[in-house]
Engineer: 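This structure is in structure tokens; I'll ask about it shortly.
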Protein chains: 2
Amino acid sequence: MNNPKTVSDRRMGPSGSETWHAMLDGAEYILREEGHAQLTSRRIAERIGVKQRLVYYYFKTMDDLIVELFRRLSMRELERLREASHSERSLREIWNTNVGTTDARLISEFMALANRIDELKHEVIRFIEDSRAIEVDAIAAAMTRKGVSSPISPSALALIAASVALSLSREEQLGVRSGHDELTAVVEGFLSSLER
Amino acid sequence: MNNPKTVSDRRMGPSGSETWHAMLDGAEYILREEGHAQLTSRRIAERIGVKQRLVYYYFKTMDDLIVELFRRLSMRELERLREASHSERSLREIWNTNVGTTDARLISEFMALANRIDELKHEVIRFIEDSRAIEVDAIAAAMTRKGVSSPISPSALALIAASVALSLSREEQLGVRSGHDELTAVVEGFLSSLER
DNA sequence: GTCTATACACCGATAGAC
DNA sequence: GTCTATCGGTGTATAGAC
């Protein structure tokens, strides 16, 4: 919102410490429940019961905090995806992960923030590419394993699946349900056909 | 950002006037090019060369301005969709509209704002439902016309198409291209099959 | 590691004159 | 229809003490 722009070489706290995580926990809660407009150093401090000054002991700038928050979140999400991809019914587990774990609101807030914070944008790109790679590999492996083939390539299928999962989550949250049951049935049919 | 909360019954200017549109034009530019954090009454006034006070002559609050901006944009978009749905190759025209007209950045900014502004959220819901209805009808009509049938219902297909178009636009803007060519080819094949 | 205190900028919204 | 002037409030970020 404002303009100091010069960032001094003030003393900084260690990343990964308990308080550091508490601040990101608070920030994540605020971003999900109250939105980007409320994601301020004052609000974070208030939420975890410290003074505002301390936020700037652990994070150089607010933008920096936001980037770290996304980094932590995306690393956890990638871990879930990797785990899912190694399971018995990998595609179903991946689908459930995509449709279920991260809040749609959180995603839309980060998307908008990425338009403004360049480093966040690069983290988002990296996350999309990494998660996509996991999904493409899982689809290709599952098809080979079951000996089925599709006129649609694994990479196109992965993109369709990711897009659809995102839209389902977002619309579900908004309260729009047109076509959801039909589409869920289509996905279910596809997953079942690969589990026989 | 602030707290006045009480909105007086001050004198207001007419909606739809030239200056009113100029303000929304400015707001749209700022939202697309600079993001929601820069979308302020002062910035809008500066952009179109008037004083800040005037913004509050035409709009009761900033939230109100944002809602009006989305309303104007979505009405134009629905108009394009209706026009496309009446054309010869309706599905292709609708696809091009979805993938091309409105900037992906603008969409993500509105999505985030809708988390906070309740009236905007309802406008977004209405827009999704209205555009979806047009697309479902167009798909059903095209299939009947060509005498083809699909194991996927028109409403599920419409949801898939809308999701995929949105993701393609967003990723394209971010610079992610994984699976895009393959998916575009799939869509092209589907559209061609309905044009024979 | 955490605090008090503070500089400085900016924002939403209003009153009332021209 | 547009302006000057202003109030009250919040934000980022810093200096420096404990």
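Throughout, protein chains are lettered first and strands after them, A, B, ... in sequence-line order, and every chain is numbered starting at 1. Here the structure is a predicted model, which means the values were calculated and not measured.
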Engineer: With a 3.5 Å cut-off and heavy atoms only, can you find an N or O donor on one side and an acceptor on the other between the side chain of B:Arg11 and the base of D:dT2?
Structural biologist: yes
Engineer: Side chain of B:Ser41, heavy atoms from C-beta onward: which of C:dG12, D:dT14, C:dT2 has the nearest atom to it?
Structural biologist: C:dG12
Engineer: Any side-chain N or O of B:Tyr57 less than 4.0 Å from the OP1 or OP2 oxygen of D:dG1?
Structural biologist: yes
Engineer: Please report the distance, rounded to the nearest Å, between CE in B:Met12 and C1' in C:dA13.
Structural biologist: 12 Å
Engineer: Separation of B:Met62 atom CE from C:dC10 atom P, in whole Å?
Structural biologist: 16 Å
Engineer: Take the protein atom CZ of A:Arg10 and the nucleotide atom C1' of C:dA7, then report the distance between them rounded to whole Å.
Structural biologist: 15 Å
Engineer: How close or far is atom C1' of D:dT10 from atom CD1 of A:Ile30, stated in whole angstroms?
Structural biologist: 15 Å
Engineer: Would the distance check show the side chain of A:Arg10 and the main-chain N or O of A:Lys60 forming a donor-acceptor pair, the cut-off being under 3.5 Å?
Structural biologist: yes
Engineer: Taking only the side-chain heavy atoms of B:Arg53 (C-beta and beyond), determine which of C:dA15, D:dA5, D:dA13 contains the nearest atom.
Structural biologist: C:dA15
Engineer: In whole angstrom, give the distance that lies between atom CD of B:Gln52 and atom C1' of C:dA13.
Structural biologist: 8 Å
Engineer: Within this structure, what is the NE2-to-C1' distance between A:His21 and C:dG1, rounded to whole angstrom?
Structural biologist: 17 Å
Engineer: Got B:Arg72 and B:Asp25 here, is their nearest side-chain heavy-atom distance under 4.5 Å?
Structural biologist: yes
Engineer: Return the 5'-most residue of the pair A:Lys51, B:Arg43 with respect to DNA chain C, ranking by each residue's nearest nucleotide.
Structural biologist: A:Lys51
Engineer: Does a donor on one side chain sit under 3.5 Å from an acceptor on the other, for B:Ser85 and B:Asp137?
Structural biologist: no
Engineer: Considering only D:dA13, C:dA13, C:dG1, which nucleotide approaches the side chain of B:Thr61 most closely?
Structural biologist: C:dA13
Engineer: How close or far is atom P of C:dC11 from atom CG of B:Leu65, stated in whole angstroms?
Structural biologist: 14 Å
Engineer: Does C:dT2 have OP1 or OP2 under 4.0 Å away from a side-chain N or O of A:Tyr58?
Structural biologist: yes
Engineer: Side chain of B:Thr19 only, heavy atoms from C-beta on: which candidate in D:dT2, D:dA5, C:dA15 is closest?
Structural biologist: D:dT2
Engineer: Please examine the side chains of A:Arg76 and A:Thr101, heavy atoms only from C-beta on, and report whether any two atoms are closer than 4.5 Å.
Structural biologist: no
Engineer: Using a distance-only criterion (donor-acceptor N/O pair, under 3.5 Å, no hydrogens), is the base of D:dT12 paired with the side chain of A:Arg42?
Structural biologist: yes
Engineer: So which nucleotide from C:dA13, C:dC3, D:dT2 ends up closest to the side chain of A:Val50?
Structural biologist: C:dC3
Engineer: Could you tell me how far apart B:Leu54 (CG) and C:dA13 (C1') are, to the nearest whole angstrom?
Structural biologist: 14 Å
Engineer: For the pair A:Ser90 (side chain) and A:Ser87 (backbone), establish whether a donor and an acceptor sit closer than 3.5 Å, ignoring hydrogens and angles.
Structural biologist: no
